[in-house]
Asker: 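My questions will all concern the structure given below.
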Amino acid sequence: MEPSNNKNKMPYVVSSKSPTAVAINAAAKTGEWIKSRLGAFKELGTKLSPQDLVTDVDKGAEIMIRKLIQTHFPEHDFLGEEGVEPGPEASSKAVQELEDSEYLWIVDPIDGTTNFVHGFPYFCVSIALAHKGEIIVGVIYDPMRDEMFVAEKGKGAYVHGNLMSVSKETELAGSLMAIGFNPEREFALPNNMKGITALSTRTRSLRAAGAAAMHLAYVAAGRVTGYYEVGLNVWDIAAGVLLVTESGGKVTDTKGNPYSLSTRHLAATNGLIHDELLGVLDEAGATGL
Ligand code: IPD
Ligand code: CA
Ligand code: CA
């Protein structure tokens with residue numbers, strides 16, 4: 001029998017909930033708190049570059065999510081943006097170390113921090129669970145619109161309980177494409193600018209709202225036809241990738257290779273315009289690969 005003082009040090013474990021329910025609960029609670037701090041954050045710092053922002057709210061939100069998850073699944077691994085050194089090398093190394101984990105939670109506490117800092121109401125919490133490198137749960141919560149996007153591997157993707165499906169455009173010419181102005185300005189931004197220039201005359205229009213995870217949720221919901229960006233991190237996209245594929249869309253790297261947790265240059269579409277998009281990016285030298 002264990003001495004009672006050791007017993008007191010054991011984490012409190014509640015084991016009856018499904019991972020999806022835990023992710024939804026963590027995203028909802030944390031999202032509400034983030035919303036309550038809009039316009040009221042206390043510290044503003046920069047990471048890799050002056051454009052790469054972080055606040056006390058990003059850090060606090062990640063701690064909240066980690067605690068909520070570990071209450072139920074203390075044996076699972078956890079990869080959150082604020083626990084990794086800034087920059088692509090550190091993030092790739094963290095993925096390499098953890099991608100074979102039996103269960104790995106991948107968390108972006110606030111995707112769209114620049115928007116959060118400016119009070120532009122487009123940011124979200126992104127939580128994914130991977131089993132041996134395969135994403136099995138993806139949850140994205142937009143606290144400003146109170147929209148909860150949820151996907152489970154093989155079970156479809158839902159927004160507030162309604163089944164989602166990708167849009168039906170068959171050509172880039174009729175497509176609304178999401179893109180990103182990546183904060184890393186040496187490699188990622190120039191590649192993205194080549195893609196943006198090429199796509200600007202080939203699509204119906206482009207949108208860059210500043211939150212990769214939410215762009216992917218919008219691809220899944222059929223609100224944009226696709227999304228492309230060079231220079232993303234696993235926490236930006238893991239949950240959104242499952243939302244898109246479970247909504248009938250297609251996700252690859254920018255050269256058309258299958259998505260894996262180490263993919264950083266991403267193309268996610270309704271599937272119908274995927275090859276045309278990859279062709280335009282290739283022609284423009286905008287794949288980053
Ligand atoms: C950023 C946003 C942005 C994308 C960047 C990401 P953060 O994430 O998703 O839209 O262009 O590549 O780093 O820093 O707001 O979590
Ligand atoms: Ca992010
Ligand atoms: Ca973030």
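In listed order, ligands and their atoms are each counted from 1. Atoms considered below: every heavy atom in the structure, side chains included; atoms not considered: hydrogens, waters and symmetry mates. Only a predicted model underlies this, so the values are computations on that prediction, with no experimental measurement involved.
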Asker: Any N or O of A211 that comes nearer than 3.5 Å to an N or O of ligand 1?
Answerer: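 Looking only at distances, the answer is yes, because the N/O contact criterion of under 3.5 Å is met.
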Asker: Between R207 and S205, is a side chain to side chain contact (heavy atoms under 4.5 Å, CB included) present by the stated rule, with each step listed?
Answerer: CA-CA 7 Å; R207 295 289 180 268; S205 196; 3.1 Å; yes
Asker: So, S49 versus D52: side-chain donor-acceptor pair below 3.5 Å or not?
Answerer: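 S49 vs D52: no donor-acceptor pair found between side chains.
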Asker: Counting from 1, what ligand 1 atoms have a heavy atom of G210 closer than 4.0 Å?
Answerer: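 Checking each atom against G210, I get 2 (C), 3 (C), 10 (O).
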Asker: Checking D108 against S126: is there a side-chain donor and acceptor pair closer than 3.5 Å?
Answerer: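 Their side chains do not contain a donor-acceptor pair, so the 3.5 Å distance test is not met.
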Asker: Which residues pass the ring-ring contact (aromatic ring centres under 6.0 Å, His included) test with Y218, not counting sequence neighbours?
Answerer: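 Result, ring-ring contact (aromatic ring centres under 6.0 Å, His included) vs Y218: Y122.
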Asker: With the threshold set at under 4.0 angstrom, would you say L53 reaches ligand 1 through any of its heavy atoms?
Answerer: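 No; L53 lies far enough from ligand 1 that no heavy-atom distance drops under 4.0 Å.
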Asker: Students should be able to answer this: which protein heavy-atom is nearest to atom 4 (C) of ligand 1, and at what distance?
Answerer: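 Sorting protein heavy atoms by distance from atom 4 (C) of ligand 1 puts E229 OE2, 3.4 Å first.
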Asker: State whether the number of non-hydrogen atoms from other residues, nucleotides or ligands found under 6.0 Å of R185 atom CZ is greater than 12.
Answerer: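 No, the 6.0 Å shell around CZ holds no more than 12 heavy atoms from other groups.
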Asker: Answer yes when K93 and E97 have at least one side-chain N-carboxylate O distance shorter than 4.0 Å, and no when they do not.
Answerer: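 E97 and K93: salt-bridged.
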Asker: Who's the nearest protein heavy-atom neighbour of atom 14 (O) of ligand 1, and how far?
Answerer: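 Nearest neighbour among protein heavy atoms for atom 14 (O) of ligand 1, to 0.1 Å: E81 OE2, 4.0 Å.
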Asker: Going by distance only, is there an N or O of D108 that falls short of 3.5 Å from an N or O of ligand 1?
Answerer: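 Yes, there is a polar N/O contact under 3.5 Å.
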Asker: Indicate, as side chain, backbone, both or neither, the part of D111 found under 4.0 angstrom from ligand 1 when only non-hydrogen atoms are considered.
Answerer: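 Answer for D111: both.
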Asker: Looking only at heavy atoms, is any part of P183 under 4.0 Å from ligand 1, and if so is it the side chain, the backbone, or both, or is it neither?
Answerer: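 Only the side chain of P183 comes within reach of ligand 1.
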Asker: Checking S18 against T20: is there a side-chain donor and acceptor pair closer than 3.5 Å?
Answerer: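 No, no side-chain donor-acceptor contact under 3.5 Å.
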Asker: Give the ring-plane orientation class for H76 versus Y103, where under 30° counts as parallel, over 60° as perpendicular and anything between as tilted.
Answerer: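 Correct class here is parallel.
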Asker: Can K59 and E81 be counted as an ion pair, charged N to O under 4.0 angstrom?
Answerer: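 So K59 does not pair with E81 through a salt bridge.
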Asker: Is V150 close to L243 at the side-chain level, that is, under 4.5 Å between some pair of heavy atoms?
Answerer: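 Side chain of L243 against side chain of V150, heavy atoms only: no contact under 4.5 Å found.
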Asker: Between H265 and F187, is the gap from one ring center to the other below 6.0 Å?
Answerer: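 Under 6.0 Å, so yes.
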Asker: Answer side chain, backbone, both or neither: which part of I110 comes under 4.0 Å from ligand 1, heavy atoms only.
Answerer: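 Looking at I110 and ligand 1, just backbone atoms fall under 4.0 Å.
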Asker: Within the structure, does G112 bring an N/O atom to less than 3.5 angstrom of an N/O atom in ligand 1?
Answerer: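 Between G112 and ligand 1 (N or O atoms, distance only) the closest approach is under 3.5 Å.
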Asker: Tally of protein N/O/S atoms under 3.0 Å from the Ca ion (ligand 2)?
Answerer: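 Number of qualifying protein atoms: 3.
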